[in-house]
Undergrad: 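Please see the structure below; I have some questions.
Computed from a predicted model, the values in this text were never measured in an experiment.
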Amino acid sequence: QLQLVESGGGLVQPGGSLRLSCAASGFSLDSAAIGWFRRAPGKEREGVSCISSNDGRTYYYVDSVKGRFTISRDNAKNTVYLQMNDLKPEDTAVYYCAKRRQNYCPVYGSSMGVGVDYWGEGTLVTVSS
C-alpha cells in the first residue's frame, strides 16, 4: 500500500529551523516527483517546493521561501526532506508532501496540484515567540 508520512513539524521561534521529512512506502521515491505544499490558517493550499526524479531539479514556488527552504531526497531512505531555516510567523501552516504521477515538476506553482495522486496527512509547523 502506497503511503506518505510527514514528520518533523512543531513549534519554533522566529529565526529557528526545522527539517520536515516525507517517508514513502509502497513505491520508490526516485520514480516520481515529490512536492511540498502548505495550508496556512484561513488561506488556500499553496505549492511550496518540488523535486523531480528524472533530473533531480528542484523548484521553489513561493518567493518568500527562496533562500531559506531547501528540498532534497535520500533515495536510500526513500525520504524527501524540506529544510526550513530562518522561519517566520507567516510560515505557520500544515505542511503536506505529495507524490505526482509525473517524474518532473511543473514550472509554475499553480500547476503543482495537477497530477498529484497521493497525499500525506500533513505536519503542523507553528512559528511563534
Undergrad: Say whether, by atom type as modelled, one donor and one acceptor occur between the side chain of Arg100 and the main chain of Met112 under 3.5 angstrom.
TA: yes
Undergrad: Decide, yes or no, whether a salt bridge links Asp117 with Lys99 under the criterion of side-chain N to carboxylate O below 4.0 Å.
TA: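 Yes, this pair counts.
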Undergrad: Main chain of Ser52, side chain of Arg73: is a donor-acceptor contact present, judged purely on distance under 3.5 Å?
TA: yes
Undergrad: Got more than 12 heavy atoms from elsewhere within 6.0 Å of CD, Glu121?
TA: no
Undergrad: Hey, do the aromatic rings of Phe37 and Trp119 have their centres closer than 6.0 Å?
TA: yes
Undergrad: Determine whether more than 12 heavy atoms belonging to other residues, nucleotides or ligands lie under 6.0 Å from atom OH of Tyr104.
TA: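 Atom OH in Tyr104 is not packed in, count stays at 12 or less.
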Undergrad: Are Glu44 and Arg39 ion-paired here, with the side-chain N under 4.0 Å from a carboxylate O?
TA: no
Undergrad: Minimum heavy-atom separation for Ile51 to Val80, with atom names?
TA: CG2-CG1, 4.3 Å
Undergrad: So, does Gln83 use its side chain to make a donor-acceptor pair with the main chain of Ile71 at under 3.5 Å?
TA: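 A pair under 3.5 Å: no.
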Undergrad: Is the closest side-chain heavy-atom distance between Tyr61 and Ser49 below 4.5 Å?
TA: no
Undergrad: Taking Arg68 for the side chain and Asp86 for the main chain, is one N or O donor matched with an acceptor at less than 3.5 Å?
TA: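 Flag set: sc Arg68 to bb Asp86 pair under 3.5 Å.
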Undergrad: Have a look at Asp30 and tell me which of Asn75, Asn54, Asn103, Asn78 forms a side-chain contact (heavy atoms from CB on, under 4.5 Å) with it.
TA: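 Looking at Asn75, Asn54, Asn103, Asn78, the match for Asp30 under the side-chain contact (heavy atoms from CB on, under 4.5 Å) is Asn75.
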Undergrad: Checking the side chain of Ser53 only, and the main-chain atoms of Ala32 only, is there a donor and an acceptor separated by less than 3.5 Å?
TA: yes
Undergrad: Would the number of heavy atoms belonging to other residues, nucleotides or ligands and lying under 6.0 Å from NZ of Lys43 be above 12?
TA: no
Undergrad: Check whether any side-chain N or O of Ser111 sits under 3.5 Å from a backbone N or O of Gly109 as a donor-acceptor pair, and report yes or no.
TA: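 Side chain of Ser111 to backbone of Gly109, a donor-acceptor pair under 3.5 Å: no, none is there.
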Undergrad: Would you kindly say whether Asn85 and Ser17 are connected by a side-chain donor-acceptor distance under 3.5 Å?
TA: yes
Undergrad: Atom OH of Tyr95 and atom CH2 of Trp36: how far apart are they, to the nearest 0.5 Å?
TA: 10.0 Å
Undergrad: Is there a donor-acceptor contact under 3.5 Å from the side chain of Thr123 to the main chain of Gly9?
TA: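 Judged by distance alone, yes, a pair lies under 3.5 Å.
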Undergrad: What distance separates Leu11 CG from Leu18 CG, expressed to the nearest 0.5 Å?
TA: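 With rounding to 0.5 Å, CG (Leu11) is 9.0 Å from CG (Leu18).
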Undergrad: Same cluster or not: Val125 versus Phe69, using hydrophobic residues (I, L, V, M, F, W, Y) connected whenever any side-chain heavy atoms lie under 4.5 Å apart?
TA: yes
Undergrad: Does a sphere of radius 6.0 Å around NZ in Lys88 hold more than 12 heavy atoms from other residues, nucleotides or ligands, not counting ones at 6.0 Å or beyond?
TA: yes
